[in-house]
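Down below is the structure, laid out as structure tokens.
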Amino acid sequence: MKRTLSTALCCILPLGYWINAQSGLSAELKTEYIPASNYIRPEDSTKTNSKSDFKRVDLNLSIPLSVKKDNDGKVRAWSMLLSGSYAKMTHKNYETALFPDQMLNAQVGIQHMRPLGKKWSLMMTASVGVYTDLEKIDFDDVLGQGGILFIRHFNPNLSLGAGPVLTTAFGVPMILPWIYFDWKTNGKIKFKINFPEGMEAGYLFSDKFALKAVVELNGMTAERNINGKSMLLGYQQITAGLRPELKINDRLTVRLTGGTAILRSFSENDRKISSIFRDKKIADPRFSSTFYAAVSLRWNLP
């Protein structure tokens, strides 16, 4: 069940990416590179001579449509969300093609945030997108989702939220739980946990430069036609490393990450509600750990 849920969550995760309301355009451009590593056969966990790499570019945009502040300084905002991820993979020494050569996830959505009293706030999102391996793009590649998140702000550094998400990842609308947890500290030494994105710990050397240790979880989804049947392929990765972060000015920040791809795996499921409750007898295909590198640019416009 856990592996099946991860396929749907790969579609849902971007909805919470811009959890904080911005008064101006916010964007991030990110590139990732994972060199070829060995394919581990799921039947017997044998490390084979087959290898696959992973290269990806992500672009996320948050465009404010309306931002208002009440007398207490709390923000009520409507924003448009645009995101796109393109991944390219090279596979070597496979007897048969097991994985796609490329994947594309692109979606457009709307987000609304508003306060609910002094300690609570509400976030609503809805989006529709294309999740494809680019072999053939049709209506089966279109997935929609939306969610309502109730967030409890215990203090400025600690928030906990939960709510339902409606997704069409399994072909018919179904509701899944959505949990959000954000904790951070102040001062020179900083810790932050943001579930489900990841966690980081770092030291702020100055207002312009910080060095962080990070662990991140993300993935992609692609609809594939297997023997005339619509299937969902989910790609998941867990990475860990060091991240120097340089603030060029008040609007632009550069992040460099180097470390390890701890886990890379694929999961494939049919688009039936019953599949979410079915345990798999064989583990998902995965790859051995290897180097990971990423570069990202984040900017905020007034």
Side-chain angles (χ1 to χ4, degrees), residues 13-33 56-77 79-83 111 113 115 118-119 121 123 151-161 180-218 238-260 291-302:
L13 290 184
L15 292 175
Y17 191 86
W18 301 105
I19 193 76
N20 296 311
Q22 301 287 340
S23 59
L25 174 69
S26 299
E28 181 182 37
L29 176 63
K30 181 180 180 180
T31 60
E32 295 177 284
Y33 174 66
R56 177 168 59 181
V57 58
D58 298 326
L59 178 61
N60 295 281
L61 296 173
S62 176
I63 305 172
L65 302 177
S66 173
V67 180
K68 298 179 180 179
K69 288 186 178 182
D70 59 21
N71 295 331
D72 296 327
K74 298 183 181 298
V75 176
R76 179 179 300 181
S79 302
M80 177 180 291
L81 305 179
L82 301 173
S83 67
Q111 174 181 278
M113 295 189 68
K118 295 183 179 181
K119 294 291 185 179
S121 63
M123 186 179 77
I151 305 173
R152 174 70 158 89
H153 304 281
F154 295 93
N155 57 56
N157 297 327
L158 178 61
S159 300
L160 177 63
Y180 171 78
F181 176 68
D182 188 13
W183 173 74
K184 55 183 177 290
T185 62
N186 293 319
K188 291 287 187 180
I189 300 177
K190 292 182 176 291
F191 294 91
K192 182 177 181 180
I193 300 175
N194 186 335
F195 179 84
E197 285 186 12
M199 63 183 69
E200 62 183 40
Y203 184 80
L204 186 65
F205 289 89
S206 68
D207 293 337
K208 299 291 186 180
F209 179 74
L211 180 62
K212 300 177 180 179
V214 297
V215 177
E216 293 182 318
L217 166 66
N218 56 44
I238 299 176
T239 58
L242 293 177
R243 173 180 294 160
E245 188 173 298
L246 179 62
K247 188 175 182 180
I248 304 298
N249 51 47
D250 292 338
R251 301 178 182 179
L252 180 63
T253 301
V254 179
R255 294 176 169 183
L256 306 175
T257 307
T260 303
F291 177 73
Y292 169 82
V295 179
S296 70
L297 298 175
R298 282 193 173 189
W299 64 93
N300 300 302
L301 299 181

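Here E245 does not pair with K190 in a salt bridge; the nearest charged N to carboxylate O distance is not below 4.0 Å.
Here the rule is salt bridge (Lys or Arg N to Asp or Glu O under 4.0 Å) with E200, and of K192, R255, K212, K184 only K212 fits it.
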Item checked: Step-by-step side-chain contact (heavy atoms from CB on, under 4.5 Å) determination, T185 to N157 -> CA-CA 6 Å; T185 62; N157 297 327; 5.9 Å; no
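Listed here is the closest heavy atom pair of I63 and L82: CD1-CD1, 4.0 Å. Between L158 and N155, the shortest heavy-atom contact is N-OD1, 2.9 Å. The minimum heavy-atom distance linking E32 with Y292 is given by the pair OE2-OH, 2.6 Å. Scanning all heavy atoms of the two residues, the minimum distance from F181 to L160 falls at CD1-CD1, 3.9 Å. Closest approach of P244 to L256, counting heavy atoms only: CD-O, 2.8 Å. In plain terms, the two heavy atoms of P64 and S62 that are nearest each other are CD-O, 3.5 Å.
Residue L25 holds its CG atom at 12.0 Å from CE of M80, rounded to the nearest 0.5 Å. With rounding to the nearest 0.5 angstrom, the OG1 atom of T239 is 6.0 Å from the CG atom of N218. Atom-to-atom distance recorded for K30:NZ and R298:CZ is 8.5 Å, nearest 0.5 angstrom. Separation of atoms CD1 (I151) and OG (S121) is listed at 4.0 Å; rounding is to 0.5 Å. Put simply, CG on L29 and OG on S296 are 8.5 Å apart, with the number rounded to the nearest 0.5 Å. Residue I248 holds its CD1 atom at 8.0 Å from OG1 of T253, rounded to the nearest 0.5 Å.
Between I189 and Y203 the shortest side-chain heavy-atom distance falls below 4.5 Å. Here the side chains of I238 and V215 are in contact, with some heavy-atom distance below 4.5 Å. Taking 4.5 Å as the limit, every side-chain heavy atom of Y33 sits out of range of all side-chain heavy atoms of V295.
Side chain of K247 to backbone of D207: no donor-acceptor contact under 3.5 angstrom is found. Side-chain atoms of T257 do not come within 3.5 Å of backbone N or O of R243 as any donor-acceptor pair.
Note on ring orientation: taking the six-membered ring where Trp is involved, the planes of F205 and F209 are tilted (angle from 30° to 60°).
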